[in-house]
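Presented below is the structure to which this report refers.
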There are 2 protein chains.
Amino acid sequence: MTNWVYSFGDGKAEGDATMKNLLGGKGANLAEMSNIGLPVPPGFTITTDVCTYYYANDDTYPDDLNAQVLASLAEVEKTVGARFGDSDNPLLVSVRSGARVSMPGMMDTVLNLGLNDVTVEGLARQSGDARFAYDSYRRFIQMYSDVVLGVDHYNFEEILEILKEEKGYILDTELDADDWKEVAQAFKKTAEEALGYPFPQDVHEQLWGAVNAVFGSWMIDRAKTYRRIHNISGDWGTAVNVQSMVFGNMGETSATGVTFTRDPSTGENAYYGEFLINAQGEDVVAGIRTPQNLTKVAREKASSDKPSMEEAMPVVYGELADVFVKLEAHYRDMQDIEFTVQKGKLWILQTRSGKRTAKAALKIAVDMADDDIITREEAIMRVEPAALDQLLHPTLDPNAKRDVLTIGLPASPGAACGIAVFTADEAEELAKAGKRVILVRQETSPEDIHGMHAAEGILTSRGGMTSHAAVVARGMGRPCVSGAGALRIDMENRVINVLGRRINNHEILTIDGSTGEVMAGEVATIQPELSGDFGKLMGWADKIRDLKVRANAETPLDARTAREFGAEGIGLCRTEHMFFDADRIVNVRHMILAEDMAGRETALAKLLPVQKQDFIDLFNIMRGLPVTVRLLDPPLHEFLPQKQEDFTSVAAAMGSSVEKLKFRADALYETNPMLGHRGCRLGISYPEIYEMQARAIIEAALEVSGSDGDPIVPEIMVPLVGSRKELQILKEKISAVAEGIIAASGAKLDYMVGTMIELPRAALQAGEIANEAEFFSFGTNDLTQTTYGISRDDSANFLDDYIHAGIFEQDPFVSLDQDGVGELIKIAVERGRDTRADIKLGICGEHGGDPASVEFCHGLGLDYVSCSPYRVPIARLAAAQAKLKD
Amino acid sequence: MTNWVYSFGDGKAEGDATMKNLLGGKGANLAEMSNIGLPVPPGFTITTDVCTYYYANDDTYPDDLNAQVLASLAEVEKTVGARFGDSDNPLLVSVRSGARVSMPGMMDTVLNLGLNDVTVEGLARQSGDARFAYDSYRRFIQMYSDVVLGVDHYNFEEILEILKEEKGYILDTELDADDWKEVAQAFKKTAEEALGYPFPQDVHEQLWGAVNAVFGSWMIDRAKTYRRIHNISGDWGTAVNVQSMVFGNMGETSATGVTFTRDPSTGENAYYGEFLINAQGEDVVAGIRTPQNLTKVAREKASSDKPSMEEAMPVVYGELADVFVKLEAHYRDMQDIEFTVQKGKLWILQTRSGKRTAKAALKIAVDMADDDIITREEAIMRVEPAALDQLLHPTLDPNAKRDVLTIGLPASPGAACGIAVFTADEAEELAKAGKRVILVRQETSPEDIHGMHAAEGILTSRGGMTSHAAVVARGMGRPCVSGAGALRIDMENRVINVLGRRINNHEILTIDGSTGEVMAGEVATIQPELSGDFGKLMGWADKIRDLKVRANAETPLDARTAREFGAEGIGLCRTEHMFFDADRIVNVRHMILAEDMAGRETALAKLLPVQKQDFIDLFNIMRGLPVTVRLLDPPLHEFLPQKQEDFTSVAAAMGSSVEKLKFRADALYETNPMLGHRGCRLGISYPEIYEMQARAIIEAALEVSGSDGDPIVPEIMVPLVGSRKELQILKEKISAVAEGIIAASGAKLDYMVGTMIELPRAALQAGEIANEAEFFSFGTNDLTQTTYGISRDDSANFLDDYIHAGIFEQDPFVSLDQDGVGELIKIAVERGRDTRADIKLGICGEHGGDPASVEFCHGLGLDYVSCSPYRVPIARLAAAQAKLKD
């Protein structure tokens with residue numbers, strides 16, 4: 001005989017957690033809880049095989065199903081001590097769908113099934129609360145009519161509104177037992193009118209109606225669509241769960257509560273939760289009555305005058321504590337538990353792994369591993385890498401009031417507060433004077449870097465998650481909200497208009513770079529503190545992962561931060577970021593605006609010593625670790641003067657006229673600078689620039705290597721290569737410079753020459769390019785831009801529309817587009833390795849700090865990922881998780 | 001016995017044209033000419049096998065080689081009637097290298113070998129011209145010393161200069177026989193000093209020295225580099241050709257000439273050429289003496305008083321005419337022939353297919369096919385498709401003087417001349433007043449279209465081969481030079497500065513869009529005329545090709561031109577080009593600047609009827625042919641007002657304020673518009689725009705189909721798709737509009753919805769996208785931009801550097817990058833067809849008119865290419881050639 005029905009409840013079950021395919025997810029979990037001895041309200045699961053049978057046999061059931069259901073129901077009645085349909089002591093049940101995986105497309109729950117005109121009075125007597133009984137009855141009629149019989153719920157809501165109006169009530173709580181009885185009668189009448197037959201009074205008819213509805217809901221359009229999108233087979237079928245109702249509002253020996261086995265906020269190993277005597281579950285959540293503490297310690301800490309559960313219900317509390325121990329031991333994780341006490345009897349309604357803060361997740365994981373409840377590998381898997389951001393940056397006090405003006409892109413995590421200033425110069429000036437400032441710009445450029453550094457946070461109205469503002473802010477660990485398109489920033493009058501409101505110069509703003517919120521006024525922030533747990537978990541992760549983690553950094557400060565966060569080298573040093581200091585920008589401009597090579601070489605000769613010193617500093621900090629230096633990348637016009645006085649000073653330095661400079665500057669204008677004269681194209685046109693940089697790198701490496709200790713192996717990276725020939729030409733020039741210097745020095749120095757793969761053509765031609773390149777670094781920012789044809793600086797204009805329409809699941813500049821960009825990376829990895837088996841491979845786009853992207857890189861067997869310093873811990877953890885998932 | 005040496009000459013040979021691998025290209029051709037009975041100066045070829053032997057055996061020769069050479073030399077002596085090294089009647093020979101393919105890296109020719117102190121006197125006597133003999137001798141000494149013995153030629157040039165100075169001569173022609181004798185003696189001495197041994201007097205030593213030098217030159221670095229670049233195997237080896245010298249300057253019965261079997265300028269079937277009596281080949285070319293006509297008819301036509309060869313040397317002329325007939329019959333093409341008459345004996349030195357104008361190529365090919373000399377297929381292969389441009393556009397008179405200011409990019413073919421004007425409005429105004437104008441802009445934008453139309457030609461200082469100016473000019477058939485970076489265009493003062501020169505407002509300029517030349521003043525132009533031959537050849541091509549050819553066109557004028565040129569439909573109608581007319585731009589701006597959907601819809605309602613009328617016109621012209629309409633593509637800010645008065649008029653139309661509009665316009669600004677909010681991204685953000693366009697297309701198609709005749713099947717094309725979901729969403733909206741209109745009309749209408757593949761991601765995701773798309777049109781302009789990461793508008797800045805460095809063989813916006821972009825197209829074709837076997841495939845980038853790219857498309861089995869109207873004939877011919885090459 002096929003077993004169509006599986007019983008569970010109160011300490012035992014026929015099924016278990018492994019039987020998800022047959023019992024559905026919910027049914028299997030209810031069975032599991034029962035098996036480990038938890039007092040689960042008893043019930044039974046009708047299997048998914050019945051669903052399959054139902055559809056294979058013209059919506060009919062197996063012959064023996066009814067008998068099995070009745071037998072299981074009888075068991076439930078026996079356990080609960082109540083009978084289904086009994087006029088004095090009626091058993092009430094819930095009926096729920098439950099497929100192999102959770103499917104929101106299907107039938108909702110029907111509660112309180114088993115109530116009718118007779119049993120409702122029995123419930124009233126049993127509970128001693130007629131109001132509760134009739135309220136439950138009218139809810140059941142509405143829910144059953146809606147979900148099972150297809151009578152729209154608005155039919156009922158109207159009746160309730162009319163009655164309240166007639167009686168002069170405002171709140172539902174004003175209705176008494178008679179009122180609810182009247183409502184229930186009216187509901188029944190309405191259902192009958194809509195249906196053309198009376199609302200079913202036979203409780204078995206009610207039950208089979210609900211079962212039919214669950215099986216029927218498997219094939220409704222919404223469910224089918226959901227399955228298509230989520231790749232769920234229609235053959236799987238759903239199970240039906242019938243479970244006895246329990247009530248926490250049956251007098252002073254009844255109660256209900258929500259608890260955690262550990263503190264979900266701090267991770268402390270102490271029971272944590274709230275309960276209410278003589279109440280229903282909703283009451284705890286609704287906040288109408290103030291819930292009581294679970295433990296005495298917690299009550300004392302909170303100085304509450306209401307007794308804790310430990311004090312008020314010591315016996316049941318003892319049982320609950322036993323359940324906690326059992327549950328943590330069984331599920332090996334902190335649990336979030338819903339319970340009800342019905343007339344002194346404890347029932348566990350649900351348990352699941354509890355949501356927690358990053359801080360708590362870290363502490364719980366490390367504590368459990370230290371206590372041998374879980375392995376270190378499991379501890380690593382328990383912490384969401386992205387959540388580490390909360391531990392590294394200030395966060396907003398969750399209890400503080402927020403006056404949200406608009407929401408932009410969460411470009412760099414952390415909260416910051418300060419007065420609004422509109423120029424980098426003023427930001428620096430006021431910061432020096434001790435003010436906290438938020439730098440507000442339409443978009444930032446390399447010229448704003450000193451102001452960004454001085455500011456507490458950065459706010460822009462344009463630009464995406466990898467815009468200049470976002471990338472630089474993340475590198476510095478400064479909170480940043482970018483692309484807040486609702487801001488109308490009037491630079492001239494230094495005022496922001498935002499959706500009808502106005503923020504003046506020097507008014508206080510708060511931004512949350514983790515959520516994108518922009519707020520008026522000051523919102524309290526909480527400073528991060530790194531516990532020993534953090535270092536411990538990171539250490540475990542480091543032992544496991546294969547992927548190395550480097551940082552994108554160029555300043556000594558960033559490099560030091562990166563090293564402190566565990567970076568194993570620099571994966572991307574953007575040399576152009578070194579060009580903006582006041583003492584060198586004039587020479588940079590001279591170089592760019594020079595009309596011939598002689599002029600350029602004069603300027604380059606002045607830049608050489610400062611550039612060399614930059615590398616000496618960097619190599620010293622990164623001693624013993626690899627440092628990848630990218631040669632000049634951005635279009636030259638990014639460095640150009642904007643102001644008249646800047647033109648004048650450059651003209652003076654060059655011995656040229658302002659007019660000539662302006663013409664030359666104008667000639668450098670580009671329609672689409674991202675696709676313009678930049679990257680290695682500069683190296684082809686002006687080889688002397690790359691030669692100067694190569695010289696600075698090699699001379700610095702020799703000097704640092706020579707002093708003492710570990711040698712430096714600089715990796716010289718040529719950006720924006722699209723063909724082998726480009727790299728061939730430039731590598732020859734770089735090598736000629738390097739070999740010359742090394743030979744002259746008499747010392748030995750190893751160095752590598754490689755390239756960014758950041759153009760689709762480079763990915764396709766990787767086999768050819770690898771003939772020249774000793775390493776590839778995937779520049780996934782630019783590769784995303786070109787593969788998608790989307791400018792990161794302009795994407796904010798339509799990103800929302802795209803996410804809203806479901807075209808992007810996520811911003812592709814945040815999490816790597818594995819289908820498109822990912823395929824190009826895969827192609828490049830394969831072809832690159834075919835040509836040069838030991839080619840060194842890494843990524844240095846912003847995706848290097850995104851856990852999903854890190855996992856993708858691990859899957860491809862890359863050597864390293866490189867990300868902004870503050871993301872290094874995230875990448876380390878994500879890399880370890882990726883390895884463990886393998 | 002291995003045959004190491006192959007003789008040829010004077011009507012017979014041991015080898016033939018098929019033996020290129022053994023005899024080299026030159027040797028095989030000499031043999032071939034001999035075989036067909038031509039009087040070729042006799043000689044012999046030492047085979048490539050000897051070269052192989054030489055390198056395999058430590059630079060030694062086969063034992064029997066010397067005997068074979070001597071035997072062949074004896075044959076030559078017999079044929080010529082002279083003896084190698086003979087003091088009275090010396091045989092002189094040339095020695096040349098000759099590999100399987102022509103290799104400029106190798107040894108040059110040595111002429112006059114066999115001269116020494118004794119034989120030079122014999123030559124003087126034989127020729128009766130001592131000056132010639134000693135001049136030949138000193139030339140031989142210099143050439144042999146340089147090429148064979150490695151004495152640098154400057155050693156000799158100095159001696160000649162000193163002697164001329166001493167004697168007070170200016171020109172070489174002033175030297176007499178004694179002078180040359182003195183020079184020859186001095187040369188010999190110099191050679192001896194440099195060599196440390198005397199210049200070889202033994203003619204056999206001379207010969208073997210030259211043979212060694214040829215074989216040795218196979219392995220010099222220059223040759224190896226050339227082979228590496230051109231993929232030529234080092235194993236092939238070279239042959240050595242030894243051939244008797246003949247002289248046309250041995251008196252009045254000697255002569256030399258260069259002739260064509262047909263007129264290379266017009267293609268007329270008449271002998272064409274020049275000759276000189278008692279002269280060397282160089283004399284004809286050098287132009288010191290005026291050459292005489294070949295035929296009497298030509299002489300009379302030229303009113304020359306010097307007799308033609310037909311008159312002066314009737315017998316030899318008759319022999320030459322026989323040769324012409326033989327050669328055309330044998331090579332089946334018009335030949336370019338060099339001949340020499342030595343003492344009444346005709347020698348043919350060289351014959352090859354003659355270079356010719358496009359007009360001549362066309363006429364010759366058609367004539368020869370009509371005369372059954374060649375097949376129609378061969379005729380098709382004989383005309384260079386790109387050369388057809390010359391037949392369709394005005395060209396510069398090749399004899400007119402040119403004052404070239406600078407050379408830009410040849411953006412749209414044809415020559416034009418007119419006064420320089422700096423704004424589109426002025427261009428239109430002056431053109432209406434009957435002036436011919438050249439529109440000069442830094443770059444053009446859609447707002448300039450009326451001015452471009454009014455102008456004779458367009459000149460820009462920025463932008464590449466697919467910049468706005470280039471694309472629009474080609475579409476209109478207007479000559480255009482773009483990206484002439486040396487021009488400093490001062491718009492304010494309306495003046496051009498170019499390399500120190502100045503062109504003022506309204507000064508006359510001439511441009512040649514086929515070469516990129518920009519010239520001061522007027523240069524005479526020649527208007528094109530299309531002969532019946534053109535139509536005939538096109539007709540033959542049409543019967544052969546598989547690829548359809550469509551045109552990119554949107555105006556009725558362009559569409560009509562395209563149809564006249566044989567376009568088989570429209571492959572790309574850029575709807576945005578329809579938005580710039582004065583009567584609609586206000587509404588377009590209203591649509592863009594509207595703050596909400598209601599405002600946009602008001603504006604769209606006004607645009608609908610005009611857009612619909614556009615399509616009605618287009619469909620009427622293209623009746624019976626497919627028309628692909630691309631929905632709005634460019635970023636909206638391209639349409640925005642620039643001038644205050646335009647803002648005012650738009651504000652009035654919208655009932656809004658100029659200030660608000662300016663803020664909105666500012667918000668639309670993009671850093672990289674090419675990668676910005678454009679293409680289908682507009683359709684996602686503002687679906688009402690695409691819905692209006694779909695409505696206009698479908699209503700127009702119904703109206704035109706309804707009237708009579710062939711139905712219209714519009715192909716609605718969604719641009720810039722990067723994922724299936726985008727197209728899915730937009731296709732649903734388009735189809736909903738279309739189905740609604742069709743149902744309401746009660747008529748039947750077929751239409752298609754498809755997409756551009758113009759992003760790398762779209763190519764990779766083509767399998768997914770093809771689930772939605774009924775056709776793909778490869779937008780190779782944008783695909784090139786994104787695959788290479790190069791903006792076509794900015795590429796002019798470094799294009800020259802890239803071509804110069806050998807990174808680009810050609811501008812990738814002109815000829816498709818088959819390795820990179822081509823691979824993406826291949827991937828998309830495969831994946832698209834896997835999903836939808838009958839998917840319609842075409843390309844609509846500018847590459848559609850490039851012959852190499854057309855061949856690539858044919859190879860992929862695309863259905864059609866689409867190009868600008870004036871390129872349609874080129875594409876038709878190229879498509880036929882591609883098929884024939886298969």
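The shown structure was predicted, so the numbers you read here are calculated from the model rather than taken from an experiment. Order of the sequence lines fixes the chain letters, A, B, ..., with proteins taken first and strands second; residue numbering starts at 1 for each chain.
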> Which one, B:Asp801, B:Thr786, B:Asp490, B:Asp819, leads in non-hydrogen pairs under 4.5 Å with chain A?
Replying inline: B:Thr786

> Between B:Asp817, B:Leu824, B:Val821, B:Leu682, which shows the greatest number of heavy-atom pairs under 4.5 Å with chain A?
Replying inline: B:Asp817

>> Quick one: does any side-chain atom of A:His847 pair with a main-chain N or O of A:Gly779 as donor and acceptor, under 3.5 Å?
In response: no

>> Counting heavy-atom pairs under 4.5 Å with chain B, which one of A:His677, A:Gln765, A:Arg792 comes out on top?
In response: A:His677

> Could you go step by step and tell me if A:Asp794 and B:Leu675 meet the side chain to side chain contact (heavy atoms under 4.5 Å, CB included) rule?
Replying inline: CA-CA 8 Å; A:Asp794 303 311; B:Leu675 307 176; 5.7 Å; no

> Can you tell me if A:Asn771 uses its side chain to pair, donor with acceptor, with the backbone of A:Glu768 under 3.5 Å?
Replying inline: yes

> So which of B:Gln785, B:Arg761, B:Lys725, B:His804 has the largest heavy-atom pair count under 4.5 angstrom toward chain A?
Replying inline: B:Arg761

> Quick one: of A:Ser723, A:Ala762, A:Ser685, who has the most non-hydrogen atom pairs under 4.5 Å with chain B?
Replying inline: A:Ser685

> Is B:Arg462 salt-bridged to B:Asp793, going by a charged N under 4.0 Å from an acidic O?
Replying inline: no

> Where along residues 726-734 of chain B does a heavy atom come under 4.5 Å of chain A, listed by residue number?
Replying inline: B:Glu726, B:Ile729

> So which part of B:Gln442 gets closer than 4.5 Å to some heavy atom of chain A, the side chain, the backbone, both or neither?
Replying inline: side chain

>> Determine whether a donor-acceptor pair (N or O, by modelled atom type, separation under 3.5 Å) exists between the side chain of A:Thr755 and the backbone of A:Ala773.
In response: no

> Under 3.5 Å, is there a donor-acceptor pair between the side chain of A:Arg681 and the main chain of A:Gly676?
Replying inline: yes

>> For a 4.5 angstrom cut-off between non-hydrogen side-chain atoms, does B:Tyr669 reach B:Thr671?
In response: yes

> Do B:Asp633 and B:Arg630 meet the salt-bridge criterion of a basic N to acidic O distance under 4.0 Å?
Replying inline: yes

> Given A:Leu636 and A:Leu640, is the side chain to side chain contact (heavy atoms under 4.5 Å, CB included) satisfied, shown in steps?
Replying inline: CA-CA 7 Å; A:Leu636 297 182; A:Leu640 289 185; over 6 Å; no

>> Within a 6.0 Å radius of atom CG on A:Asp800, are there more than 12 heavy atoms belonging to other residues, nucleotides or ligands?
In response: no

> Which of residues 659-668 of chain B have a heavy atom under 4.5 Å from any heavy atom of chain A?
Replying inline: B:Phe663, B:Asp666, B:Ala667

>> Which one wins on heavy-atom pair count under 4.5 Å against chain B: A:Ile684, A:Leu720, A:Ile790?
In response: A:Ile790

> Nearest heavy-atom pair of A:Phe813 and A:Thr784: which atoms, and what distance?
Replying inline: CE2-CG2, 3.7 Å

> Do any N or O atoms from the side chain of B:Thr460 and from the backbone of B:Gly483 form a donor-acceptor pair under 3.5 angstrom?
Replying inline: yes

>> With a 4.5 angstrom heavy-atom cut-off, is it the side chain or the backbone of B:Thr787 that approaches chain A, or both, or neither?
In response: both

> Would the A:Phe808 and A:Phe798 ring centres measure less than 6.0 Å apart?
Replying inline: no

> Pick from B:Pro673, B:Ser795, B:Pro635, B:Gly722: which one has the most heavy-atom pairs with chain A under 4.5 Å?
Replying inline: B:Pro673

> Among B:Ala805, B:Gly789, B:Gly679, B:Gly806, who wins on heavy-atom pairs under 4.5 Å with chain A?
Replying inline: B:Gly789

>> Is B:Glu443 close to chain A through its backbone or its side chain, or both, or neither, when contacts mean heavy atoms under 4.5 Å?
In response: side chain

>> Please rank A:Glu670, A:Arg724, A:Arg488 by heavy-atom pairs under 4.5 Å with chain B and give me the top one.
In response: A:Arg488

> Does B:Met674 offer a backbone N or O that forms a donor-acceptor pair with the side chain of A:Asn672 under 3.5 Å?
Replying inline: yes

> With a 4.5 angstrom heavy-atom cut-off, which part of A:Leu759 approaches chain B: side chain, backbone, both or neither?
Replying inline: both

>> I'd like to know if A:Asp782 and A:Arg678 make a salt bridge, using a cut-off of under 4.0 Å between side-chain N and carboxylate O.
In response: yes

> Does a side-chain N-to-carboxylate-O contact under 4.0 Å join B:Glu823 and A:Arg831?
Replying inline: yes

